[in-house]
Protein chains: 2
Amino acid sequence: MKTESLSNRVSKTSSASTTLADNVFNQIRTAIVKGELIPGSKVNEPQLSRQYGISRGPLREAIRRLEGCKLVEITPHIGANVISLNRSQTIEIYEIREALESLACRLAAEKSTPKDCHKLRELLTAHEKQIQSENGQLYYQKEGDLDFHYLIIQLSGNARLFTILCEELYHLLRLYRVQTSSKPSRPERAFHEHHQIVDAIENKDAELAALLMRRHISNARKTLINQLDIE
Amino acid sequence: MKTESLSNRVSKTSSASTTLADNVFNQIRTAIVKGELIPGSKVNEPQLSRQYGISRGPLREAIRRLEGCKLVEITPHIGANVISLNRSQTIEIYEIREALESLACRLAAEKSTPKDCHKLRELLTAHEKQIQSENGQLYYQKEGDLDFHYLIIQLSGNARLFTILCEELYHLLRLYRVQTSSKPSRPERAFHEHHQIVDAIENKDAELAALLMRRHISNARKTLINQLDIE
DNA sequence: GCACTCGATATTGTCAACAATAAGTCCGTA
DNA sequence: TACGGACTTATTGTTGACAATATCGAGTGC
């Protein structure tokens with residue numbers, strides 16, 4: 001209440017939630033994903049409770065939710081630390097993504113209506129225009145890539161799949177990008193792959209769609225590994 | 001402290017944890033998975049805090065962890081309810097299992113040492129003896145099936161994969177079995193499939209291992225669907 | 001008899017204080 | 001100077017009380 005000072009407005013997301021715990025959960029989560037809370041650092045309860053102007057009760061509930069999302073690690077009697085992903089852990093996540101998004105793509109191809117396909121096409125052409133007007137490099141950085149993947153996962157119709165990918169793994173990957181300040185840079189290639197994937201979905205070729213998505217993410221993984229090897 | 005009466009000992013798991021919240025989290029989780037807390041029912045905080053002899057603070061943290069495992073659903077200002085899986089939600093989980101365990105199997109085939117393969121063989125032969133001595137039907141019910149899958153996931157070496165499958169999805173499936181009191185009944189067929197999988201892993205044929213595992217779980221899914229259609 | 005409102009009760013959300021554990025500091029000794 | 005131990009401080013764990021919201025039931029009007 002009193003110390004609304006400088007760092008209180010960490011993010012704009014959902015300032016008016018129904019409960020303080022959920023509210024501050026969202027705020028801290030975006031703070032972590034944006035890199036404002038640096039990976040590996042300690043999550044100090046008294047400090048955060050002052051910062052957000054709430055008591056430690058709901059704050060601890062929020063931290064427990066963050067633990068569930070695997071964004072912090074809690075050690076009993078010591079406290080929580082913001083997760084820090086190393087090289088192999090990131091590769092692990094990409095392996096899982098490969099399997100799950102391949103599945104999502106197959107399901108999407110099976111279930112998608114012409115209207116859905118139209119939305120996918122629209123998304124791609126919108127991104128294409130953006131690329132042309134902004135000289136290409138911003139496709140990934142503006143997360144147009146993620147938009148595309150989000151939509152396919154939604155089209156899969158598997159709600160739990162959406163939760164695992166979009167509510168858990170993607171946040172972790174976003175964190176990693178901030179952590180290593182890595183700029184994914186293979187826009188035109190990825191863009192071509194995206195078009196192939198939509199083609200397969202439109203043709204209702206589920207197996208091909210799954211294969212293409214798997215290869216798409218596998219390529220991203222290999223790019224990441226090479227990038228890590230260089231550094 | 002005072003009301004240790006009848007329903008206090010809900011489970012035997014981990015009575016001496018380091019913190020009350022973690023302790024009661026484990027207890028409630030097993031209670032849910034065992035069906036002692038029936039799916040869909042309300043999670044009453046005052047009642048549970050009396051039952052476990054703790055205050056509502058750590059209890060609420062435990063509930064938030066359960067929310068993270070997707071074992072309860074929390075509605076603001078209303079409370080938590082034990083999750084209840086319907087038919088389609090269960091199929092969703094099986095779809096995810098199919099993708100993830102297929103991945104696990106491929107990784108296991110790539111990384112497994114001869115010693116690992118030996119352990120797998122031992123597990124299978126041990127189960128085989130058990131089947132012969134107990135007339136078959138108990139293989140699944142004693143969770144020998146899960147032992148097998150657990151071991152392969154461990155051999156995959158992907159820690160996050162292990163977490164997602166063994167710490168989250170499996171608990172949900174176990175809950176569903178209790179909920180519908182369904183007894184998986186295709187022991188000899190599944191057993192044959194298990195043997196094939198180990199063969200592939202031993203031969204370092206990662207693609208085949210992945211394929212077989214995917215089919216193995218796909219069969220289980222189809223069996224489940226048929227079973228549900230009958231009822 | 002039915003629907004609606006209002007009040008009583010129970011449950012959830014939040015807080016501030018206390019207890020227990022860990023971390024840091026200062027001091028003495030070898 | 002380096003090491004170890006007691007003391008101090010800070011942080012986490014836990015509790016009970018209070019506030020806010022939702023649920024249930026009785027009573028009233030139609």
Side-chain angles (χ1 to χ4, degrees), chain A residues 1-4 7-8 10 13-29 31-32 37-68 71-83, chain B residues 1-4 7-8 10 14-29 31-32 37-38 40-68 71-83:
Chain A
M1 281 293 193
K2 40 204 161 189
T3 55
E4 296 249 349
S7 47
N8 199 352
V10 180
T13 355
S14 70
S15 285
S17 176
T18 45
T19 119
L20 291 185
D22 292 343
N23 195 356
V24 85
F25 163 78
N26 283 316
Q27 294 196 28
I28 297 180
R29 183 174 64 173
I32 292 177
L37 263 57
I38 50 183
S41 68
K42 183 152 177 47
V43 177
N44 189 304
E45 292 183 11
Q47 179 203 324
L48 284 179
S49 79
R50 280 193 302 272
Q51 184 171 333
Y52 291 105
I54 63 171
S55 82
R56 283 177 50 226
L59 176 64
R60 284 172 66 88
E61 291 183 30
I63 294 175
R64 276 270 142 79
R65 284 194 64 187
L66 292 169
E67 183 192 22
L71 283 171
V72 304
E73 269 176 350
I74 299 180
T75 313
H77 298 287
I78 289 180
N81 290 284
V82 180
I83 206 77
Chain B
M1 282 296 193
K2 39 204 162 190
T3 55
E4 296 248 351
S7 46
N8 199 354
V10 179
S14 70
S15 285
S17 177
T18 45
T19 117
L20 291 185
D22 292 343
N23 195 357
V24 84
F25 162 77
N26 283 316
Q27 294 196 25
I28 298 180
R29 182 174 65 173
I32 291 177
L37 262 58
I38 50 182
S41 68
K42 182 153 179 43
V43 177
N44 190 304
E45 292 183 12
Q47 179 204 323
L48 284 179
S49 78
R50 280 192 304 271
Q51 185 171 332
Y52 291 106
I54 63 172
S55 81
R56 282 177 51 225
L59 176 65
R60 283 173 66 89
E61 291 183 30
I63 293 175
R64 276 269 142 78
R65 284 195 64 187
L66 292 169
E67 184 191 23
L71 284 170
V72 305
E73 268 175 351
I74 299 180
T75 314
H77 298 288
I78 290 181
N81 290 285
V82 180
I83 206 76

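Just so we're on the same page: letters track the sequence lines, and every chain starts at 1. This one's a predicted model, so the numbers in the text were calculated from it and none came from an experiment.
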Completion exercise
To the nearest angstrom, the CD1-C1' distance between A:I78 and D:dT11 comes to 11 Å

Exercise for the section: Starting at atom OH of B:Y52, determine the distance to atom P of D:dT15, rounded to an integer number of angstrom. Expected result: 15 Å

Fill in the blank from the handout: The answer to which of B:G79 and A:H77 contacts DNA chain C further toward the 5' end, by nearest nucleotide, is B:G79

Exercise for the section: Tell me what A:P58 touches on the nucleic acid: a base, only sugar-phosphate, or nothing, going by heavy atoms under 4.0 Å. Expected result: sugar-phosphate

Practice task
Look at the side-chain N and O atoms of B:K42 and state whether any lies under 4.0 Å from the OP1 or OP2 oxygen of C:dT11.
Solution key: no

Exercise for the section: Respond yes when some side-chain nitrogen or oxygen of A:R60 is under 4.0 Å from OP1 or OP2 of D:dT12, and no when none is. Expected result: no

Exercise for the section: Name the nucleic acid region contacted by A:G57, choosing base, sugar-phosphate or nothing; use a 4.0 angstrom heavy-atom cut-off, strictly under. Expected result: nothing

Handout entry: Nearest-neighbour nucleotide for the B:S55 side chain, C:dT14, C:dA22, D:dT15 considered
Key = D:dT15

Problem - Atom pair distance, as rounded to whole Å: CZ in A:R50 and C1' in C:dC15 - result: 16 Å

Practice task
Would you mind checking if A:R64 and A:E61 are paired as a salt bridge, meaning a charged N to carboxylate O distance below 4.0 Å?
Solution key: no

Exercise for the section: Please determine, for the side chain of A:R56, which listed nucleotide (D:dT12, C:dG13, D:dT15) has the closest atom? Expected result: D:dT12

Handout entry: Interatomic distance, A:L66 atom CG to A:I83 atom CD1 [nearest 0.5 angstrom]
Key = 11.0 Å

Problem - Residues, nucleotides or ligands: over 12 heavy atoms within 6.0 Å of A:E67 CD - result: yes

Practice task
May I ask you to verify if any side-chain N or O of A:T19 is less than 4.0 angstrom from the OP1 or OP2 atom of C:dT12?
Solution key: no

Fill in the blank from the handout: Separation of D:dT23 atom P from B:E45 atom CD, nearest Å, is 14 Å

Exercise for the section: Check whether any side-chain N or O of A:H77 sits under 3.5 Å from a backbone N or O of B:T19 as a donor-acceptor pair, and report yes or no. Expected result: no

